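The structure appears right after this line, and notes come after that.
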Amino acid sequence: MPGVFGLGLRKPRSVVGWPGSRQNSLFTITADTHEVRHNPEYYVMRHFSKYVRPGAKVLGTTSHFNSMAIAFRNPDGTIVVVTQNALEDERPFEFADPADASRGFKATLAPRSFNTFVIE
């Protein structure tokens with residue numbers, strides 16, 4: 001059954017991955033030229049797969065912006081924070097490690113952006 005982890009589709013279209021859900025592929029491959037195009041979902045997936053390591057634990061986030069951010073603690077202690085600003089204007093963002101408030105940062109998220117932050 002094709003889904004978000006499928007390699008590609010001949011034409012850009014949504015496919016069913018889980019019963020009743022619709023998903024897009026990470027790549028589109030044209031049937032005639034075999035050209036490979038990275039779809040937006042590919043770039044979103046990279047924000048997670050490049051920095052979040054196997055065994056990472058999800059950290060709780062709180063604030064008015066929490067539905068647009070998720071944080072992970074990797075087994076090596078690094079923290080990865082992935083944020084999305086779907087709005088047309090810049091948004092302030094602040095994060096503090098729940099276990100050590102001195103490990104944190106403030107940032108301004110660009111309009112319509114995904115952002116990945118790594119705290120060593």
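Counting begins at 1 with the first residue of the sequence. Since we're looking at a predicted model, the values are computed, not measured.
- The neighbour count for F72 CZ, taken as heavy atoms of other residues, nucleotides or ligands under 6.0 Å away, is above 12.
- Nearest heavy-atom pair, A56 versus N74, reported as atom, atom and distance to 0.1 Å: CB-OD1, 3.4 Å.
- Side-chain contact between V81 and F93: present, with at least one pair of heavy atoms (C-beta onward) separated by less than 4.5 Å.
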Could you walk me through whether Y43 and F114 pass the ring-ring contact (aromatic ring centres under 6.0 Å, His included) check?
-> CA-CA 9 Å; Y43 296 102; F114 269 87; over 10 Å; no
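- Applying the side chain to side chain contact (heavy atoms under 4.5 Å, CB included) test between H47 and each of V52, V80, T116 identifies T116 as the sole match.
- Panel note: side chain D97, backbone A99; a donor-acceptor pair is recorded below 3.5 Å.
- With 3.5 Å as the limit, one finds a donor-acceptor pair spanning the side chains of N115 and T83.
- More than 12 non-hydrogen atoms from other residues, nucleotides or ligands lie less than 6.0 angstrom from CZ of R103.
- Aromatic ring orientation, Y42 versus F27: tilted (interplanar angle from 30° to 60°).
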Mind running side-chain contact (heavy atoms from CB on, under 4.5 Å) on V58 and I70 for me, showing each step along the way?
-> CA-CA 7 Å; V58 177; I70 188 167; 4.1 Å; yes
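- Between P75 and R53, the closest heavy-atom pair is CD-CB, 4.2 Å.
- Between I119 and T78 there is no side-chain heavy-atom pair separated by less than 4.5 Å.
- Summarising the geometry, atom CZ belonging to R37 is positioned 4.0 Å from atom OG1 belonging to T28; distances are rounded to the nearest 0.5 Å.
- Between R73 and I79, the closest heavy-atom pair is NH1-CD1, 3.5 Å.
- Rounded to the nearest 0.5 angstrom, L109 CG and D89 CG are separated by 10.5 Å.
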Checking side-chain contact (heavy atoms from CB on, under 4.5 Å) for the pair F117/F105: CA distance, chi angles, key distance, verdict?
-> CA-CA 9 Å; F117 302 95; F105 64 91; 3.5 Å; yes
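- In this structure, the separation between CZ on R46 and NE2 on H38 is 8.0 Å, given to the nearest 0.5 Å.
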Stepwise, does the side-chain hydrogen bond (donor to acceptor under 3.5 Å, both in side chains) test hold for N85 with S113?
-> CA-CA 5 Å; N85 179 6; S113 64; 5.0 Å; no
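- In terms of heavy-atom proximity, A86 sits nearest to R112 at O-NH1, 3.5 Å.
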